[in-house]
Every structure is written in structure tokens, then in C-alpha cells.
Undergrad: 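Below you will find the structure I want to go over with you.
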Amino acid sequence: MKFSALSLGLMASAAIAAPTPTVDGPADIANVAKRASITDTPGGYASQNGGTTGGSGGTTTTVSTYAQFTAAVAGTAKKVVVVSGPITQTADQVKVGSNTSIIGKSSSVVFTGFGLLVKSASNVIIRNIAVAKVLAANGDAIGVQLSNNVWIDHVDVSSDQSHDKDYYDGLLDLTHAADYVTISNSYIHDHWKASLVGHSDSNSAEDTGHLRVTYANNYWKNINSRGPSIRFGTGHIYNNYYDTVSDGINTRDGAQVLVEANTFVGSKKPLYSTDSGYAVAKGNDFGTGANEALAGTLTSVPYSYTTVAASAVKAAVVGSAGNTLSF
């Protein structure tokens, strides 16, 4: 059976709740806004430990300003916060309470100058949001700490590489025993150090037994390192497309990572170990690089998922990943 590039793209996203296009007939996948539902739920590790539903079933509030947004996402009551347009504010990360869904109404929603922090919380969904140029003094674009069951889907996170590598902090950092996290269908680009899982070699007492994370169907472009870097945890990374990512997946400090059907173009070190990190690699295209990781033991994960072959990943991911949904 043969599939078109559009069909393959939709199949690759199906396990992570990407919806179908809203147009009839042939379409360029890069230009299709896909209709999504507030009640969508994730695949990957965020589907475990009771699942992740965010604010589904709670109140729905639409916001358009920084003050409205910060007030709306606070607290633990079930709530869906729909952001109607771009917001610019140079400020610290906005803390997101438990049982919250943050939804960008369309691809116009960009947070510039401030990021999101899920800390000491659970059951959070962040979808269809772009976050750009958050200064290091103000934290990560999106950070998850001491929290579980978080789904980050169809986000676009970026800065630039024209400044020093420490001018900005991380784009997607999961630290301090964060657990049961899925990052899917996202565009991660133009940054020095992109995504960190486990922040320190000396934090094993807190992190060991946690930091379970899935990266599925993401597009990584123009990244220097941390695509991602994983300490102590358990990672499942499949159907990601890496374009000009110098140092890709770094498994460290006893981490166990299952790396499946990803494609790397222009990576010097697509998959490698530091300080006894481990990986099992299946069906990847490492391009001009090679798998330099120590052989691991993680050969399966406790949830169902669907992959496409590495040769089909570019068509499945590029153009679909990022804040390409509409609600």
C-alpha cells in the first residue's frame, strides 16, 4: 500500500492527537491549519499515571492581555484558558496552576519576552502557543519542575543565535523530578541549548525514578545542543526531524532512552553518551553522523504509539509541527 506525504504526516501525528485538516481535496501540509479540540488528550508518557486532561470540564476564559492571562492560569480549579492573539511583555515566567489547559486560538498567538512555568503542579496542557526571545534572567520559554502529567503540543519555541549562548535560557526544560511529560508536534528552533531533562549531575537523589518523557513528531532546526539532553530519566524519542542540530540527543548519568525512526540532517553528534547514559536506537537515519551512545536496555514503553519510517519523517513533521492548529 502506498501513502502520500500528506497521509504519512497525519498518520505520524495520530497517536499524539493531531487532528485532520479542515479543507477538502489536495493540500500542501505546510499550509493547512488543522482543527483541534479542547478535549484532545495526549499519547506518550503524559497518557500514563492517570492521564492528562488539563482543564477539560472546567470553566473557559478567553484572554488577550498579559494581566488577563496571568490571572486566568493561576490556581488549581479546572480551567481552559484560550489566548486570542499575541502578547508581548518582558517578564519572569508565568506560573501555571494545576488542572489547566492553555490554548492558542490560532497560529497568531505568540508570547514574546516571557515564558511559562509549570511548578509543583499536575495535569497541565499547553497547546498551539509560540514563545519567543525570553531572556535568561526571566527563565525558560517553557519550564516544568516538580510537576507531573504535562502535555506540551504544537508549540513553537525559539530565540536566536546572534547573542551569546547564555543570553537566553532553555526552550523546553524539564527539571527537579518532573514526570510523565509528552512534548509532541512542536517546532524547536534557532537556539543554543534547546531542551534539558534533569538540570544537574548532582541531583540524582531527587531525579532518579522520575523524568519520564516522550518527544514525538517534533521539528528541531538550527540548534547547537540539547536535542534533548537527558540525565537520570527515561526518554522515548520518535519520529523527530533534526535539521542542522549540531549535538542532538545526549543521554547522561544513567538515563535510559529509546530512540526510534528519527531523521538527522547536518548533525555532528546525533546520539551520544556522557557519564554513562544509555540508548537503544531503532530505525533511525543519522545522516553523516553516527550513534555513539552506550547500548541501553529500554526496548519498550508502557503505551501504544505509531511510527512512520525515518524516510517519511520529514514529510510527516515539517510544516505540521509548531502552532499550526485552530480552535
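All heavy atoms count here, side chains included; hydrogens, waters and symmetry mates do not. What you see is a predicted model; the values in this text were computed from it and never measured.
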Undergrad: Test your reading of the model: is there a side-chain donor-acceptor pair from Asn149 to the backbone of Gly51, 3.5 Å cut-off?
TA: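 Answer holds: yes.
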Undergrad: Holding to side-chain hydrogen bond (donor to acceptor under 3.5 Å, both in side chains), I want the full list of residues that pass it with Ser186, two or more places apart in sequence or in another chain.
TA: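 So Ser186 forms no side-chain hydrogen bond (donor to acceptor under 3.5 Å, both in side chains) with any residue.
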Undergrad: Go through the structure and list residues passing ring pair (Phe, Tyr, Trp, His ring centres under 6.0 Å) with His191, not counting sequence neighbours.
TA: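 Testing His191 for ring pair (Phe, Tyr, Trp, His ring centres under 6.0 Å), a comparison that skips the adjacent residues, returns none.
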Undergrad: With clusters built from Ile, Leu, Val, Met, Phe, Trp and Tyr whose side-chain heavy atoms come within less than 4.5 Å, directly or transitively, what are the remaining members of the cluster of Leu135, listed by chain and number?
TA: Tyr167, Tyr168
Undergrad: Taking salt bridge (charged side-chain N to carboxylate O under 4.0 Å, His left out) as the definition, give me every residue that meets it alongside Lys78, ordered by chain and number, with sequence neighbours left out.
TA: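 Testing Lys78 for salt bridge (charged side-chain N to carboxylate O under 4.0 Å, His left out), a comparison that skips the adjacent residues, returns none.
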Undergrad: Are Lys193 and Asp169 close enough for a salt bridge, meaning some N to O gap below 4.0 Å?
TA: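 No, Lys193 and Asp169 are not salt-bridged.
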Undergrad: Which hydrophobic side chains are connected to Tyr278, either touching it within the sub-4.5 Å cutoff or through other members that do?
TA: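 The other cluster members (ILVMFWY side chains, heavy atoms under 4.5 Å, direct or chained) are Leu294.
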Undergrad: With sequence neighbours left out, write down each residue that passes side-chain contact (heavy atoms from CB on, under 4.5 Å) with Ala293, or none if nothing qualifies.
TA: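 Thr251, Leu271, Ser273, Ala279, Asn291.
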Undergrad: With sequence neighbours excluded, what pairs up with Asp92 under the salt bridge (charged side-chain N to carboxylate O under 4.0 Å, His left out) test?
TA: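 Asp92 satisfies salt bridge (charged side-chain N to carboxylate O under 4.0 Å, His left out) with no residue once adjacent residues are dropped.
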Undergrad: Test salt bridge (Lys or Arg N to Asp or Glu O under 4.0 Å) on Lys268 and Asp247 and set out the steps.
TA: CA-CA 6 Å; Lys268 294 179 181 178; Asp247 293 359; over 6 Å; no
Undergrad: Only pairs at least two apart or in different chains count here, so list each ring-ring contact (aromatic ring centres under 6.0 Å, His included) that has a residue in residues 53-96.
TA: Tyr66-Phe114, Phe69-Phe111
Undergrad: With sequence neighbours excluded, what pairs up with Phe327 under the ring pair (Phe, Tyr, Trp, His ring centres under 6.0 Å) test?
TA: none
Undergrad: Salt bridge (charged side-chain N to carboxylate O under 4.0 Å, His left out) with Asp179: which residues, sequence neighbours excluded?
TA: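 Listed in chain order: Arg212.
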Undergrad: Can you sort out the partners of Lys314 under salt bridge (charged side-chain N to carboxylate O under 4.0 Å, His left out), two or more places apart, ordered by chain and number?
TA: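 With sequence neighbours excluded, Lys314 shows a salt bridge (charged side-chain N to carboxylate O under 4.0 Å, His left out) to no residue whatsoever.
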Undergrad: Can you list everything that forms a ring pair (Phe, Tyr, Trp, His ring centres under 6.0 Å) with Tyr272? Sequence neighbours excluded, please.
TA: none
